[in-house]
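Atom set for the values below is all heavy atoms of this structure, side chains included, hydrogens, waters and symmetry mates excluded.
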2 protein chains.
Amino acid sequence: MLAALQLVEGGQHFSSLSIREITRQTGVVPTSFYRHFRDMDDLGLALVDELSMILRQLMREVRESQANAAKPEQLIRHSVDFFMQQVDANRGIFVFLTQELTGGSVAVRQAIRSELNFFTNELVLDINRYRILPDLSREMLEAAALLVIQIVSMAIVEWLDTAQTLASQRETIRQRIVRQTQLTFLGASHWKEKEKTV
Amino acid sequence: MLAALQLVEGGQHFSSLSIREITRQTGVVPTSFYRHFRDMDDLGLALVDELSMILRQLMREVRESQANAAKPEQLIRHSVDFFMQQVDANRGIFVFLTQELTGGSVAVRQAIRSELNFFTNELVLDINRYRILPDLSREMLEAAALLVIQIVSMAIVEWLDTAQTLASQRETIRQRIVRQTQLTFLGASHWKEKEKTV
DNA sequence: TGTACATCAGTGAACGCGCGTTCACTGATGTAC
DNA sequence: TGTACATCAGTGAACGCGCGTTCACTGATGTAC
């Protein structure tokens, strides 16, 4: 699994990897692959499972790092900074997950989407816990929370394409995430159910 | 190029297609491929170029279809309905473009992103033309417009995975796009530059 | 109007190669009695 | 404590196959004079 991540991080698409390539990277004979996975699809699903665990732990750390933040108005920016640091430290994971969000088999795509929904629910819980948007309907709250998750997801792709040395471009991306997130919360706080029936 | 789109629409990832597969689909001998493209990367870039043209035409139609809409509050919903209809009518195009948004070579990814930026600018022009958000700074306006484009982009992936027969699930996606877009505009209309320095 | 040549998409044989997958195997580690 | 067996990751040879790419070719269409 680590070998697959390394190859994906090296610029190849997961769907174009071969079993022999992966076992070569591991330093093991091709037939050994079958001791662990039925085929590449099986490996893909196992990777999503494994990486989901890691990602959840990582998100927990992001939330804890902000649990008793001094200045609430900087909470968004600090969370974004912390999270993007984690993205850099785990490139392979995020390259794979963003690739497969649009690329893999139907099963893999849906597994990743359900993971995004999990984070959406976590975010909804946090928003309720701190009574940030007390008047919002459940449906709208979920749409807003998912939007925040999606803002970050889309930005990760561009972030991974932007070398760490291009500080100003990275700052542009960071700023956009913060702005778009603030926009979402601001919109949500002004939402009146009756005005805007969908 | 059409053959490649058909294969991608059939569930394969573009990066896993072979030259022989494509020429087989076209009904032509493998060597003919080289009369038109240097390699698969070349074909990928040519596809993005070609599909960008089609997509721009398609977006023009969406905008024209709403140019003299009777009820401005339903403008978002009608545009979304019209656009999603186009997505269904051109599955191959959108499967390819969403795949390559996260998956292809760096060059292809950036070509698609620059296309999204083009649509963002178009949207900014429209917003200015109708004086919808007159007090917003250029930067914030762009962040909001890009957010709307991103909302639709992310939804397309899920939309393409949801069979046309699953009407209720499709309605959920459609509703979410509308809600998230309304949220974005609502947030943008309440934005005060001084309060929220990033 | 007719001839000579250039252009160009497609042909078909051939190449060496890496691929997925099978099979019977080895040898280390864990478990039962 | 010692022996017998089960489990399990890795081995290495072998297979048939589809792959990308090369080459010299054909035959239709367009262009110059």
Side-chain angles (χ1 to χ4, degrees), chain A residues 1-54 92-93 95-97 99-100 102-109 111, chain B residues 1-54 92-93 95-97 99-100 102-109 111:
Chain A
M1 289 170 65
L2 186 60
L5 278 190
Q6 286 167 349
L7 290 169
V8 161
E9 189 181 339
Q12 294 189 65
H13 197 279
F14 181 77
S15 74
S16 74
L17 293 184
S18 71
I19 290 176
R20 290 181 106 102
E21 233 174 330
I22 289 170
T23 54
R24 211 180 300 128
Q25 175 87 6
T26 318
V28 116
V29 110
T31 34
S32 290
F33 180 89
Y34 298 98
R35 295 284 163 210
H36 306 273
F37 310 103
R38 222 174 327 106
D39 50 27
M40 286 297 290
D41 268 6
D42 194 30
L43 170 58
L45 283 171
L47 266 172
V48 175
D49 274 4
E50 181 73 15
L51 299 186
S52 292
M53 303 286 284
I54 297 176
I93 296 179
V95 171
F96 174 79
L97 289 176
Q99 263 186 18
E100 298 303 292
T102 64
S105 65
V106 181
V108 168
R109 277 200 297 274
Chain B
M1 289 171 63
L2 187 59
L5 279 191
Q6 286 167 349
L7 290 168
V8 160
E9 188 179 342
Q12 292 189 67
H13 197 278
F14 180 77
S15 74
S16 75
L17 293 184
S18 72
I19 290 176
R20 289 181 107 102
E21 231 174 332
I22 290 169
T23 54
R24 211 180 300 130
Q25 176 86 7
T26 317
V28 116
V29 108
T31 33
S32 290
F33 180 89
Y34 297 97
R35 294 284 163 210
H36 305 273
F37 310 103
R38 221 174 329 106
D39 50 28
M40 286 298 289
D41 269 6
D42 195 30
L43 171 58
L45 284 171
L47 266 172
V48 174
D49 275 3
E50 181 74 15
L51 299 187
S52 292
M53 303 284 285
I54 297 175
I93 296 179
V95 171
F96 173 79
L97 289 175
Q99 264 186 16
E100 297 303 289
T102 64
S105 64
V106 181
V108 169
R109 278 199 297 274

Intra- and inter-strand pairs of DNA chain C in dot-bracket (Watson-Crick or G-U wobble, both distances under 3.5 Å; | for another strand): .||||||||||||||||||||||||||||||||

Selection: residues 2-10 of chain A, any non-hydrogen atom under 4.0 Å of DNA chain C: none

Let me have the donor-acceptor pairs involving side chains of residues 32-45 of chain A, under 3.5 Å, with sequence neighbours excluded, atom names and distances please.
residue: A:Asp39; atom: OD1; partner: A:Asp41; partner atom: N; Å: 3.3
residue: A:Asp39; atom: OD1; partner: A:Asp42; partner atom: N; Å: 3.0
residue: A:Asp42; atom: OD2; partner: A:Arg38; partner atom: N; Å: 2.9

Restricting both atoms to N or O, compile the protein contacts to nucleotides 16-25 of chain D shorter than 3.5 Å, with distance only.
residue: D:dC19; atom: OP1; partner: B:Ser18; partner atom: OG; Å: 2.9
residue: D:dC19; atom: OP1; partner: B:Arg24; partner atom: NH2; Å: 3.4
residue: D:dC19; atom: OP2; partner: B:Arg24; partner atom: NH2; Å: 2.4
residue: D:dG20; atom: OP1; partner: B:Ile19; partner atom: N; Å: 2.8
residue: D:dG20; atom: OP2; partner: B:Ile19; partner atom: N; Å: 3.3
residue: D:dG20; atom: OP2; partner: B:Arg20; partner atom: N; Å: 3.0
residue: D:dG20; atom: N7; partner: B:Arg20; partner atom: NH1; Å: 2.4
residue: D:dG20; atom: O6; partner: B:Arg20; partner atom: NH1; Å: 2.9
residue: D:dT21; atom: OP2; partner: B:Tyr34; partner atom: OH; Å: 2.8
residue: D:dT21; atom: O5'; partner: B:Tyr34; partner atom: OH; Å: 3.4
residue: D:dT21; atom: O4; partner: B:Arg20; partner atom: NH1; Å: 3.4

Checking all strands, does A:Val28 fall into the base, sugar-phosphate, or nothing category for heavy-atom contacts under 4.0 angstrom? sugar-phosphate

Partners meeting side chain to side chain contact (heavy atoms under 4.5 Å, CB included) with A:Thr31 (sequence neighbours left out): A:Val29

Restricting to side chain to side chain donor-acceptor pair (under 3.5 Å), what partner residues turn up for A:Glu50, sequence neighbours left out? none

Let me confirm one number: the CG-CZ distance from B:Leu47 to B:Phe96, rounded to the nearest 0.5 Å. 4.5 Å

Taking only the side-chain nitrogens and oxygens of B:His36, find out if one of them lies under 4.0 Å from OP1 or OP2 of C:dG10. yes

Please list, one pair per line, the donor and acceptor atoms closer than 3.5 Å that link side chains of residues 5-12 of chain B to other protein atoms, with sequence neighbours excluded.
residue: B:Gln6; atom: OE1; partner: B:Gln25; partner atom: NE2; Å: 2.7
residue: B:Gln12; atom: NE2; partner: B:Glu21; partner atom: OE2; Å: 3.0

The side chain to side chain contact (heavy atoms under 4.5 Å, CB included) partners of B:Ser15 (sequence neighbours excluded) come to A:His13, A:Ser15, A:Ser16, B:His13

Can you confirm whether B:Phe14 sits close enough to B:Val108 that some side-chain heavy atom of one is under 4.5 Å from a side-chain heavy atom of the other? no

